[in-house]
Amino acid sequence: MDDIVEPALTVKAVGTQWYWHYEYGVTIIGEVGPGFSPIIEFDSFMIPTGELLLGELRLLEVDNRLVVPILTHVRVLVTGADVLHS
C-alpha cells in the first residue's frame with residue numbers, strides 16, 4: 001500500500017454509528033505538504049429491513065453504494081467520527 005506514491009483516486013470513508021460518509025478526492029502535494037481535497041461527498045445509509053427486496057442482505061444493503069474504478073490505484077483513508085460497532 002505504501003509503495004504507490006501517487007494514486008489516481010483517494011477515497012475517504014468516515015464511519016459513524018449508523019451510516020458511512022464518503023469523499024472522493026485527489027491528494028495534493030505542495031509546499032505545505034500532502035493534503036486532501038474532496039471533489040464529491042455523499043452519505044450511505046442502511047436500507048431498513050422492511051424495505052429490502054428479495055435477495056438483498058439485511059444490514060449490508062445501502063441506498064448509495066461506494067463505487068471505485070477497476071485497474072486503477074485507489075487510496076482509501078478510513079476513520080471514525082463517533083462510536084462504531086462491529
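Just so it is clear, the structure is predicted and the values come from calculations on it, not from any experiment.
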Could you give the distance from [atom1] ([X]) to [atom2] ([Y]), rounded to the nearest 0.5 Å?
X: I47; Y: R58; atom1: CD1; atom2: CZ; answer: 13.5 Å
X: W20; Y: N64; atom1: CH2; atom2: CG; answer: 15.0 Å
X: Y24; Y: K12; atom1: OH; atom2: NZ; answer: 15.5 Å
X: S44; Y: L66; atom1: OG; atom2: CG; answer: 8.0 Å
X: M46; Y: Y19; atom1: CE; atom2: OH; answer: 12.5 Å

Non-neighbouring partners of D43 that pass side chain to side chain donor-acceptor pair (under 3.5 Å), sequence neighbours left out: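 Counting only residues at least two positions away or on another chain, D43 forms a side chain to side chain donor-acceptor pair (under 3.5 Å) with H21.
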
Residues that E56 engages under side chain to side chain donor-acceptor pair (under 3.5 Å), provided they are two or more places apart: none

Of all heavy-atom pairs between [X] and [Y], which one has the smallest distance, and what is that distance?
X: T10; Y: L77; result: CG2-CD1, 3.8 Å
X: R75; Y: P7; result: NH2-CD, 3.4 Å
X: V11; Y: V74; result: CG2-CG1, 4.1 Å
X: V14; Y: G80; result: CG1-C, 4.5 Å

Common cluster, I40/L9, ILVMFWY with side-chain heavy-atom separation under 4.5 Å: yes

Same apolar cluster (I L V M F W Y, side chains within < 4.5 Å links), V68/L60: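 Shared cluster, no.
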
Close side-chain approach of F45 and V62, heavy atoms under 4.5 Å: no

4.5 Å side-chain heavy-atom contact, E61 and L52: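 Yes, close enough: below the 4.5 Å cut-off.
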
